[in-house]
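Working notes for the structure below.
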Amino acid sequence: MYSETSMASYASQPATSAGRVFAEPPPTSRTEYQRDRDRIIHCTAFRRLEYKTQVFVNHEGDLFRTRLTHSIEVAQIGRSIARNLRLNEDLVEAISLAHDLGHTPFGHAGQDALNACMEGYGGFEHNLQSLRVVDRLEQRYGAFDGLNLMFETREGILKHCALVNARKLGPVGQRFIDRKQPSLEAQLANLADEIAYNNHDIDDGLRSGLLTTTQLDEIDFYARQRREVERTFPGIAGRRAINETIRRMINALIVDLITTSETRIRDAAVQTVDDVRNAQPLIAFSDAVGAEAKALKRFLRENLYHHYLVNRMTSKARRIITELFDAFIAEPALLPPDYVLTKQEHQQDGLRQARKVADYIAGMTDRYAMREHRRLFQVDEI
Ligand code: MG
């Protein structure tokens with residue numbers, strides 16, 4: 001069985017964990033974090049990721065990343081780095097697979113639209129929603145709502161959190177109030193996410209034709225790897241050249257993250273998870289590579305995320321989400337019964353109806369949201 005003794009003393013361990021909200025007997029044939037990973041893989045929200053947008057809407061093409069394939073790539077990158085740094089691979093995997101569970105349909109456009117709709121009802125934030133999915137919304141176990149995950153998995157899922165929300169969350173929100181760091185595994189999953197999306201968005205951008213290699217040649221980091229590929233394989237072209245370039249970019253980021261983080265961990269002289277929580281962030285790129293990753297992000301924002309054809313989808317997504325929200329708030333009777341407050345609940349706290357609407361919309365896949373929109377707004381659709 002996978003041994004936890006090969007890990008560093010500052011890796012997260014079930015033995016020193018804050019554990020689960022509802023006490024459960026320890027697992028017999030896997031570790032606690034493996035159990036979390038397995039619960040995540042088997043939950044409904046995980047399967048929905050297959051039909052949720054990353055940048056391109058699911059029906060735009062079969063080869064583009066979805067939130068599901070994105071999450072699998074994050075887990076792969078995270079695990080590789082975790083093993084090098086002797087961190088808890090199972091925990092990194094669990095956090096990575098769960099990190100986008102609360103994402104709305106239509107990517108960031110959906111999140112922004114739903115957040116705007118929820119202004120006045122406490123807002124909507126996808127990290128918090130991911131936590132809400134694993135803490136409350138999944139209904140699979142007799143003894144509790146949610147998946148009853150380990151503290152460190154939940155902490156890793158809650159990457160960001162506004163103070164006003166952190167104060168309502170108890171122990172898992174405390175680090176935002178105390179300004180402390182999460183575990184190294186959580187820090188790592190966060191950067192593995194960034195490595196994954198920067199690179200696969202370039203890949204998808206090229207595949208879609210919205211980005212060109214000529215544009216990308218202006219990015220130093222890309223151009224360097226590309227030249228190296230052409231030196232190694234004279235005459236190489238097309239997808240093969242793109243793939244060779246992108247794999248080198250991913251590798252360069254991973255190697256830099258490992259070596260920089262090793263140095264920072266050594267310099268901070270951390271021994272335990274508690275030391276990690278009180279230190280500065282320790283999983284990081286070097287300044288030089290950090291700047292290159294930033295340039296890559298800026299390039300994607302300017303040239304892909306705000307490409308006029310992406311803007312069109314973004315605009316449609318905003319309309320769909322907003323119109324669904326407004327319709328359900330105006331007439332809760334249009335909602336499936338599970339999402340309607342009882343009269344008594346409504347009198348106690350009318351805001352909860354808006355939260356239920358947000359839960360319903362956030363849980364939708366891209367195509368379900370489009371279908372639901374047609375059902376509500378087109379008379380010949382049932
Ligand atoms: Mg992500």
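Both counts, for ligands and for their atoms, begin at 1 and track the order of listing. The first residue of the sequence shown is numbered 1, and numbering continues consecutively from there.
- The atom of Asp193 that is an N, O or S and sits closest to the Mg ion (ligand 1) is OD1.
- Between Arg226 and Asp217, none of the side-chain N atoms (NZ, or NE/NH1/NH2) sits under 4.0 Å from a carboxylate O, so this pair counts as no salt bridge.
- Taking every heavy atom of both residues into account, Phe328 and Met364 meet most closely at CE1-CE, 4.3 Å.
- Here His70 meets the criterion, with an N, O or S atom under 2.8 Å of the Mg ion (ligand 1).
- Between the Mg ion (ligand 1) and the N, O or S atoms of Asp100, the shortest distance is to OD2.
- Checked for salt-bridge contact, Arg224 and Glu228 miss the test: no charged N lies under 4.0 Å from a carboxylate O.
- With respect to the salt-bridge test (charged N to carboxylate O, under 4.0 angstrom), the residues Arg248 and Glu244 qualify.
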